[in-house]
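Accompanying notes for the structure given below.
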Number of protein chains: 2
Amino acid sequence: MPAMPHALDCPGCAAPELAFAAHDHAHCAHDALERAEAVTAANGARMTPVRRRVLEILLENHKALGAYDVLARLGAEGFGNQPPVAYRALEFLVEQGLAHRIQRLNAFTACTHPGEEHAPAFLICRLCHMVAEAEASAARTSLDAEAARAGFRVERSTIEALGLCPACQGAA
Amino acid sequence: MPAMPHALDCPGCAAPELAFAAHDHAHCAHDALERAEAVTAANGARMTPVRRRVLEILLENHKALGAYDVLARLGAEGFGNQPPVAYRALEFLVEQGLAHRIQRLNAFTACTHPGEEHAPAFLICRLCHMVAEAEASAARTSLDAEAARAGFRVERSTIEALGLCPACQGAA
DNA sequence: TCTATGTATGTAATATCATAACACGTCAAT
DNA sequence: ATTGACGTGTTATGATATTACATACATAGA
């Protein structure tokens, strides 16, 4: 799987913050799955059937899914249908950096560039509910500096924006 | 109520991002209540007994309280004891800019500088659970710019940091 | 003053999100 | 073959939030 040619071809992969833009999503998802296998292997973690399936479900589109939405899908496919089944798989994916939790929505979304160190901001469209990741290092730097002024040491930060994606701005 | 002399005297009020610092909290809370009355009056909104009481409860300290914590207090004091009673009052306070919702905690905290236009970042101590407001305009500017690159229009954003407050850094 | 209107509150019922605790199965290392 | 770590299934429960409807209360206009 040649990484560079692919990234150059695929807007969604080359610039994941453009999840809103049209892109070859099947490709995008397939690629993310491949990377996920690599990431878990590198971490000595196990990508089991439930976990893989949950990731596939999240990768179906760039929206955030609630744990119970995922659970319903799992149950329908013969996996367990009790909440811990979904929550455990989601927690695993988040730990491995393969999915993110969107605090504002109490929901989860597949990571669009797994394997790369990142702590993105999320752009959440209030109409179509798409979620994109955006580079957040500048915002985080400002936040850390401001926190430091108060003597506060930041360990993790959540940056989420609610608004309108390009397509929905036209609609509204 | 002379605003300037007071602000100069009270670290908590002069620099609300220093909620972690020692300050005359009774004064801080009393002042916030007075300002709250002014804000609601200016907005043509009604500061009713339940709403005032909820604000007082939130003002007791700089921690975030869950809706059900607030509700338990209300119920014990003769107000309604069903969830909507708390949620409605909290929603009102948030709308009026007198309280903030902390997404990460599914909880609410009194605003430390009501009446001033602001969209702060929150600094949440994971040990003592204190919550302080920090200036977030720089971080927001970065975020908006990054969002604009993706064609996304930000309407509201949530910026929350989890970490250790000055006091708890010593303890840990 | 009366009454119509909008707003606030109380209450019941229910929906939605999340975790604790325990049983069972698999697999790799001894 | 036994042990121990890990993953999954299941029951039960806890925590957070909303819908819908009934009642009370304030205030403006007749």
Side-chain angles (χ1 to χ4, degrees), chain A residues 36-37 40-41 43-58 63-96 98-109 124 129 158 160, chain B residues 36-37 40-41 43-58 63-96 98-109 124 129 158 160:
Chain A
E37 304 282 354
T40 51
N43 291 351
R46 294 197 239 162
M47 180 56 89
T48 64
V50 207
R51 291 167 174 178
R52 182 178 298 106
R53 189 68 193 114
V54 169
L55 182 54
E56 287 170 358
I57 289 169
L58 292 181
K63 304 191 178 177
L65 279 183
Y68 279 73
D69 297 326
V70 170
L71 181 58
R73 298 283 304 272
L74 290 177
E77 297 174 12
F79 293 99
N81 65 349
Q82 297 303 312
V85 173
Y87 280 101
R88 286 192 290 229
L90 289 165
E91 180 188 28
F92 171 85
L93 295 173
V94 169
E95 273 169 4
Q96 298 291 314
L98 303 174
H100 299 289
R101 177 176 195 129
I102 309 297
Q103 300 285 350
R104 180 138 208 144
L105 304 176
N106 291 328
F108 300 82
T109 190
I124 307 162
H129 304 118
T158 300
E160 297 176 354
Chain B
E37 304 282 353
T40 50
N43 291 351
R46 308 204 312 224
M47 180 55 90
T48 64
V50 209
R51 291 166 174 178
R52 182 178 299 105
R53 190 68 194 114
V54 170
L55 181 54
E56 287 170 358
I57 290 169
L58 292 181
K63 304 190 178 176
L65 279 183
Y68 279 74
D69 297 326
V70 170
L71 181 58
R73 298 283 303 272
L74 291 178
E77 295 175 15
F79 294 99
N81 64 349
Q82 297 301 310
V85 173
Y87 280 102
R88 285 193 289 231
L90 289 165
E91 180 187 30
F92 171 85
L93 294 173
V94 170
E95 273 168 4
Q96 297 292 315
L98 303 173
H100 299 288
R101 178 177 195 129
I102 309 298
Q103 301 284 350
R104 180 137 209 146
L105 303 177
N106 290 327
F108 300 82
T109 190
I124 307 162
H129 304 118
T158 302
E160 298 176 353

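Reminder, nothing fancy here: chain letters follow the sequence lines and each chain counts from 1.
B:Q103 contributes atom CD, which lies 10.0 Å from atom CG of B:L105 (distance to the nearest 0.5 angstrom). Between A:L71 atom CG and A:L65 atom CG the span is 12.0 Å, to the nearest 0.5 Å. Expressed to the nearest 0.5 Å, how far CD1 of A:I124 lies from CD of A:E160 amounts to 4.5 Å.
From the 5' end on, the contacts that DNA chain D makes with chain A at under 4.0 Å to a non-hydrogen atom open and close at D:dC6 to D:dT11.
With sequence neighbours excluded, the residues that form a side chain to side chain donor-acceptor pair (under 3.5 Å) with A:N43 are A:Q96. Under the rule for a side-chain contact (heavy atoms from CB on, under 4.5 Å), the partners of B:V50 that lie at least two apart in sequence or sit in another chain are B:T48, B:L74, B:F79, B:V85. For B:A99, the side-chain contact (heavy atoms from CB on, under 4.5 Å) partners at least two apart in sequence or on another chain are B:L58, B:L93, B:V94. Remark: B:R101 pairs with no residue by the side chain to side chain donor-acceptor pair (under 3.5 Å) rule, at least two apart or across chains. For B:A89, the side-chain contact (heavy atoms from CB on, under 4.5 Å) partners at least two apart in sequence or on another chain are B:R51, B:V54. Applying the side-chain contact (heavy atoms from CB on, under 4.5 Å) test to A:E37 and every residue at least two apart in sequence or in another chain returns A:M47, A:R52. For A:D69, there are no side chain to side chain donor-acceptor pair (under 3.5 Å) partners two or more places apart in sequence or in a different chain. Under the rule for a side chain to side chain donor-acceptor pair (under 3.5 Å), the partners of B:R53 that lie at least two apart in sequence or sit in another chain are B:E56, B:E77.
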- Task: At under 4.0 Å between heavy atoms, which parts of nucleotides 24-30 of chain C does protein reach? Answer with one letter per nucleotide, 5' to 3': B base, S sugar-phosphate only, - none.
- Result: -------
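Nearest-nucleotide positions on DNA chain C for B:V50 and B:Y68 put B:V50 closer to the 5' end. Between A:N106 and B:A89, the residue anchored nearer the 5' end of DNA chain C, judged by the nucleotide with its closest heavy atom, is B:A89.
One interatomic measurement links the two molecules: CD of B:Q96 to C1' of C:dT7, which rounds to 14 Å at whole-angstrom precision. Put simply, CD on A:E91 is 13 Å from C1' on C:dA20, counting in whole angstrom units. One can place CZ of A:R88 at 14 Å from P of C:dA21, the figure rounded to the nearest angstrom. Between B:R51 atom CZ and C:dT7 atom P the separation is 11 Å, expressed in whole Å. Atom CD1 in A:I102 sits roughly 14 Å away from atom P in C:dC17 (whole-Å rounding).
The stretch residues 73-87 of chain A comes close to DNA chain C through A:P83, A:P84, A:Y87, each having a heavy atom under 4.0 Å from the strand.
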